[in-house]
K.L.:
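This structure is in C-alpha cells; I'll ask about it shortly.
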Amino acid sequence: MNIILCVKQVPGSTTVEMDPVTGTLKRDGAAAKLNPYDLFAIEAALCLKERAGGQVTALTMGPGQAKKALLETIWMGADAAVLVSDRRFAGADVLATARTLAGAVARIGQPDVIICGKQTTDGDTAQVGAELAELLGIPHVSGVREILEIEAGSLVVSAVSDACTTTLRIQLPCLLCMDGDINTPRLPSYLRMQRTPEDALRTLTLADLPETDPLRYGLDGSPTKVERIFPPEPAGERRMYEGCSEELAGIAAGLLRSCKVI
C-alpha cells in the first residue's frame with residue numbers, strides 16, 4: 001500500500017514575529033517543531049503500513065529548515081520524505097497550500113491513502129486536508145479515530161463528529177484526517193537516525209510541479225489574505241483580593257452588581 005503522510009513544521013513557541021506587510025508568520029530561523037497533531041497521523045500511517053504492507057512517504061511544504069520535521073518522521077518509521085520548498089510558495093493560505101501539495105502528490109505518484117493530522121497549531125483551520133482531497137478528486141473523511149478494516153479497494157474507519165461517532169467504508173484512493181489523542185505515537189529511533197540514507201529525503205521546487213505558474217501559489221495564489229495585524233489591547237485594570245471563599249464570593253457579587261451584570 002502506497003501511503004503519503006502530510007505533516008507540517010510549526011512554530012516551537014508563542015514568540016513568533018509576523019510580517020506587517022503580508023500578515024504571515026516569519027518562519028525562517030524561528031524555533032520550530034513537528035505539528036503535535038501530526039504525531040497521531042504518523043502513528044496511524046505506520047500502523048497501517050504494518051498491517052497492509054507498502055511504504056510511507058512523508059510530505060511537507062515549507063522552508064529549508066522543515067527538513068528537520070521530515071527527518072523526524074523517517075526516524076519514527078517513514079520510508080522516505082519529500083520537502084516542497086520554493087520562495088514563491090511563501091505566504092500561502094489553505095487553498096494555495098493544498099494546491100502545492102496536490103502538485104507534489106502528482107509528482108510523487110498516485111497513493112492508495114493520504115493521511116493528515118487533524119489540524120495545525122499555527123493555523124487551526126483544519127481545511128488543508130479536505131481541500132487537498134477535493135483537488136485530487138478523491139473521497140476523504142475527517143475526524144478519523146481508527147482504521148477498523150482493510151479490504152480490497154476500501155477501508156472501514158471510525159470517525160467522530162460533533163454529534164456522533166460513525167463507521168464508514170471509503171473507497172481507495174482516499175484521504176483521512178486523523179483526530180487527536182487517538183493513539184500513542186512512537187518515539188524516533190536512534191538506530192534509524194544513524195542509518196538514514198542521504199537519498200531518503202528529496203526536495204521539489206516550483207519547476208518540478210505539473211503546473212508552474214507562480215501566480216497559482218504562495219501569497220499571489222491565495223484568495224484569502226490578512227488585511228491587518230495588531231497586538232492585543234491591554235486587559236485594563238487588575239485587582240487582587242484576598243480572603244476566605246465566602247468573603248471572595250461577596251466581593252465578586254458586589255463587583256458584578258456595580259457593573260450592572262446582576
K.L.:
So do Y241 and L255 actually touch side chain to side chain, heavy atoms under 4.5 Å?
P.N.:
yes
K.L.:
How long is the span from the CD atom in Q65 to the CG atom in L83, to the nearest 0.5 Å?
P.N.:
10.5 Å
K.L.:
Ignoring hydrogens and geometry, is there a side-chain-to-backbone donor-acceptor pair from K260 to R257 under 3.5 Å?
P.N.:
no
K.L.:
Counting N and O atoms only, with roles assigned by atom type, does the side chain of N2 sit under 3.5 Å from a partner on the main chain of Q110, one being a donor and the other an acceptor?
P.N.:
yes
K.L.:
Taking the side chain from S222 and the backbone from T224, do they hold a donor-acceptor pair closer than 3.5 Å?
P.N.:
no
K.L.:
Can you give me the closest heavy-atom contact between G109 and I4, atom names plus distance?
P.N.:
O-CD1, 4.2 Å
K.L.:
Should the heavy atoms of other residues, nucleotides or ligands under 6.0 Å from CD of Q194 be counted, would the total exceed 12?
P.N.:
yes
K.L.:
Between L59 and V7, is any pair of side-chain heavy atoms under 4.5 Å apart?
P.N.:
no
K.L.:
Is the shortest side-chain heavy-atom distance between T205 and S85 below 4.5 Å?
P.N.:
no
K.L.:
Going by atom types only, do N35 and T120 share a side-chain donor-acceptor pair under 3.5 Å?
P.N.:
no
K.L.:
Please determine whether side chain to side chain contact (heavy atoms under 4.5 Å, CB included) holds for the pair S258 and L256, giving the CA-CA distance in whole Å, both sets of side-chain angles, and the decisive distance to 0.1 Å.
P.N.:
CA-CA 5 Å; S258 66; L256 292 173; over 6 Å; no
K.L.:
Do the side chains of M61 and T97 get nearer than 4.5 Å, heavy atoms only?
P.N.:
yes
K.L.:
Heavy-atom distance under 4.5 Å between the side chains of T60 and C6, does that happen here?
P.N.:
no
K.L.:
How many angstroms lie between atom CD of E146 and atom CD1 of I182, to the nearest 0.5 angstrom?
P.N.:
8.5 Å
K.L.:
Hey, are D220 and R88 close enough for a salt bridge, meaning a charged N less than 4.0 Å from a carboxylate O?
P.N.:
no
K.L.:
Please determine whether the number of non-hydrogen atoms from other residues, nucleotides or ligands lying under 6.0 Å from atom CZ of R186 exceeds 12.
P.N.:
yes
K.L.:
Measuring from T121:OG1 to K8:NZ, what's the distance to the nearest 0.5 Å?
P.N.:
8.0 Å
K.L.:
On a heavy-atom basis, which atom in A78 and which in R192 lie closest, and how many Å separate them?
P.N.:
O-NH2, 2.7 Å
K.L.:
Report the C-alpha separation of V141 and C177 in whole Å, then their side-chain angles, then the decisive distance to 0.1 Å, and conclude whether the side chain to side chain contact (heavy atoms under 4.5 Å, CB included) test is met.
P.N.:
CA-CA 6 Å; V141 179; C177 289; over 6 Å; no
K.L.:
Taking the side chain as everything from C-beta on, heavy atoms only, tell me whether V113 gets closer than 4.5 Å to L176.
P.N.:
yes
K.L.:
L204, L135: one ILVMFWY side-chain cluster at the under-4.5 Å cut-off?
P.N.:
no
K.L.:
State, yes or no, whether a side-chain contact exists between T166 and C164 at a heavy-atom distance under 4.5 Å.
P.N.:
yes
K.L.:
Could you walk me through whether T57 and V82 pass the side chain to side chain contact (heavy atoms under 4.5 Å, CB included) check?
P.N.:
CA-CA 7 Å; T57 301; V82 177; 4.1 Å; yes
K.L.:
If we count only N and O atoms by modelled type, under 3.5 Å, do the side chains of Q119 and D124 hold a donor and an acceptor together?
P.N.:
yes
K.L.:
Rounded to the nearest 0.5 Å, what separation is found between the CD atom of E43 and the OG1 atom of T184?
P.N.:
7.5 Å
K.L.:
Please give me the minimum heavy-atom distance between G103 and P210, naming the atom from each residue.
P.N.:
O-CD, 3.4 Å
K.L.:
Between E211 and R107, is the closest basic N to carboxylate O distance under 4.0 Å?
P.N.:
no
K.L.:
In the single-linkage hydrophobic clustering (I, L, V, M, F, W, Y; side-chain heavy atoms under 4.5 Å), do L48 and L46 co-cluster?
P.N.:
yes
K.L.:
Identify the heavy atoms of E72 and P188 that sit nearest to each other, and give their distance.
P.N.:
CG-CG, 4.1 Å
K.L.:
So, for A45 and I115, which heavy atoms are closest and what is the spacing to 0.1 Å?
P.N.:
CA-CD1, 3.6 Å
K.L.:
Rounded to the nearest 0.5 Å, how far does CG of L175 lie from CD1 of I170?
P.N.:
8.0 Å
K.L.:
Any sub-3.5 Å donor-acceptor pair from D93's side-chain atoms to A96's backbone N or O?
P.N.:
yes
K.L.:
Any link between V144 and L132 through a network of hydrophobic side chains (Ile, Leu, Val, Met, Phe, Trp, Tyr) touching at under 4.5 Å?
P.N.:
no
K.L.:
May I have the step-by-step check of salt bridge (Lys or Arg N to Asp or Glu O under 4.0 Å) for R169 and E151, ending in yes or no?
P.N.:
CA-CA 10 Å; R169 184 185 306 277; E151 301 181 355; 2.3 Å; yes
K.L.:
With the threshold set at 4.0 Å, does a side-chain nitrogen-carboxylate oxygen contact exist between R99 and E131?
P.N.:
no
K.L.:
Grouping I, L, V, M, F, W and Y whenever their side-chain heavy atoms are under 4.5 Å apart, do L209 and L70 come out in a common cluster?
P.N.:
no
K.L.:
Do any N or O atoms from the side chain of D112 and from the backbone of L172 form a donor-acceptor pair under 3.5 angstrom?
P.N.:
no
K.L.:
Do L101 and L34 sit in the same hydrophobic cluster, where Ile, Leu, Val, Met, Phe, Trp and Tyr count as joined when their side-chain heavy atoms come under 4.5 Å apart?
P.N.:
no
K.L.:
Is M1 close to K49 at the side-chain level, that is, under 4.5 Å between some pair of heavy atoms?
P.N.:
no
K.L.:
Return the minimal non-hydrogen interatomic distance between I138 and C174, and the atom names on each side.
P.N.:
CD1-C, 3.8 Å
K.L.:
Taking atom CD of E242 as the centre, does the number of heavy atoms from other residues, nucleotides or ligands within less than 6.0 Å exceed 12?
P.N.:
no
K.L.:
Run the side chain to side chain contact (heavy atoms under 4.5 Å, CB included) check on M178 and R145 step by step: do they pass?
P.N.:
CA-CA 6 Å; M178 310 306 296; R145 301 285 300 175; over 6 Å; no
K.L.:
Donor-acceptor pair, distance only, cut-off 3.5 Å: does the side chain of Q55 make one with the backbone of A80?
P.N.:
no
K.L.:
Donor-acceptor pair, N183 side chain versus F40 backbone, under 3.5 Å?
P.N.:
yes
K.L.:
Please report the interatomic distance CG(D208) to CD1(I108), rounded to the nearest 0.5 Å.
P.N.:
11.0 Å
